[in-house]
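Here's the structure we're looking at; comments come further down.
So you know, we letter chains A, B, ... as the sequences are listed, proteins then strands, and number each from 1. Worth saying up front: this structure is predicted, and the values here are computed from it rather than measured.
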Amino acid sequence: DVKVTQSSRYLVKRTGEKVFLECVQDMDHENMFWYRQDPGLGLRLIYFSYDVKMKEKGDIPEGYSVSREKKERFSLILESASTNQTSMYLCASSPRGQQLLNEKLFFGSGTQLSVL
Amino acid sequence: AQTVTQSQPEMSVQEAETVTLSCTYDTSENNYYLFWYKQPPSRQMILVIRQEAYKQQNATENRFSVNFQKAAKSFSLKISDSQLGDTAMYFCAFARGTSYGKLTFGQGTILTVHP
């Protein structure tokens, strides 16, 4: 069965800490995504990557960076965590090909990050 | 830029009844896709149904069907014979045809199915 695994289900960090959220997929997908989920706002795209070492900003990249050194792993980095980054973070992956004609996004189970 | 609006923050329905969740969107694109995703308490996002904009026929998946009104930019989800396992957050989402999976999501609707 296909899997997108996020390293932590819950995470508590202090303001100013550097935070790494890790995501691994075992489907050999080219595309990987980081979304942020907040009540009343739905999911918003932070960054995505369509190949190793390739990345593009999404709708809300400020305060975040990403790293994709290997195809299966996509990391979201909060350089200096702030309280307004308290949120649920969801990773997703999808294969390249006919875009969304016969594909879908595969999501991880999310990391609930609290920044105190 | 695309926007997706779900105007119902919460809905409830009795088991075995039918419920409709609303979604409207705004775009100038002609080639796009629309989705409904379900997020149960486990937080695992599950694709419920997908609609290609160029198809006039409404998509159906077992008890789930959509009413796609392209001119009105409306994309509602109908759940028939509601089951307790349908209790979840439901998200409507939009993707441009060339977006490689970059979705724009609505705010979400919490659906509770009562026994």
Side-chain angles (χ1 to χ4, degrees), chain A residues 1-6 8-10 25 27 29-51 54-61 74 87-113, chain B residues 1-10 21-27 29-55 59 61 75 88-110:
Chain A
D1 200 10
V2 296
K3 260 202 144 176
V4 178
T5 303
Q6 294 184 232
S8 302
R9 191 163 173 85
Y10 298 95
Q25 51 97 359
M27 297 163 283
H29 285 170
E30 288 80 10
N31 306 321
M32 295 188 75
F33 308 82
W34 276 106
Y35 285 89
R36 170 177 170 159
Q37 180 178 350
D38 298 289
L41 296 177
L43 280 72
R44 293 175 292 167
L45 181 63
I46 306 171
Y47 265 99
F48 74 100
S49 169
Y50 50 90
D51 207 342
M54 306 302 287
K55 61 186 180 183
E56 283 194 21
K57 294 179 180 179
D59 299 318
I60 51 164
F74 191 37
S87 186
M88 170 84 78
Y89 292 87
L90 288 163
C91 175
S93 72
S94 71
R96 194 177 297 159
Q98 296 179 348
Q99 280 90 41
L100 297 171
L101 193 62
N102 294 308
E103 305 163 4
K104 63 178 185 179
L105 282 183
F106 294 85
F107 283 88
S109 295
T111 296
Q112 178 63 53
L113 173 67
Chain B
Q2 289 71 228
T3 59
V4 178
T5 302
Q6 294 177 248
S7 58
Q8 306 154 315
E10 295 187 39
L21 307 184
S22 301
C23 173
T24 58
Y25 61 96
D26 190 24
T27 184
E29 302 280 337
N30 280 319
N31 179 24
Y32 58 88
Y33 300 83
L34 296 163
F35 306 84
W36 279 98
Y37 275 88
K38 167 185 177 181
Q39 186 182 46
S42 67
R43 306 194 318 211
Q44 184 68 53
M45 294 281 279
I46 301 164
L47 177 64
V48 174
I49 200 163
R50 164 175 45 209
Q51 174 81 42
E52 291 88 351
Y54 62 87
K55 288 188 177 179
E61 287 287 342
F75 183 61
M89 175 84 86
Y90 287 81
F91 290 100
C92 178
F94 169 100
R96 285 165 36 201
T98 57
S99 65
Y100 289 102
K102 291 183 287 179
L103 302 186
T104 299
F105 285 85
Q107 299 88 339
T109 297
I110 299 172

Below 30° counts as parallel, above 60° as perpendicular, anything between as tilted: where do the rings of W36(B) and F75(B) land?
parallel
Between L45(A) and chain B, which part of the residue has a heavy atom less than 4.5 Å away: side chain, backbone, both or neither?
side chain
Can any side-chain N or O of Q107(B) pair as donor or acceptor with the backbone N or O of Q6(B) at less than 3.5 Å?
yes
Short side-chain to backbone donor-acceptor contact, R43(B) and R9(A), under 3.5 Å
yes
Just how far is it from atom CZ of R36(A) to atom CG of L113(A), taken to the nearest 0.5 Å?
9.0 Å
Considering only heavy atoms and a distance below 4.5 Å, find which of R44(A), Q37(A), E56(A), Q112(A) pairs most often with chain B.
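Option with the greatest count: Q37(A).
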Using a cut-off of under 4.5 Å on heavy-atom pairs, state which of M45(B), M89(B), Q39(B) scores highest against chain A.
M45(B)
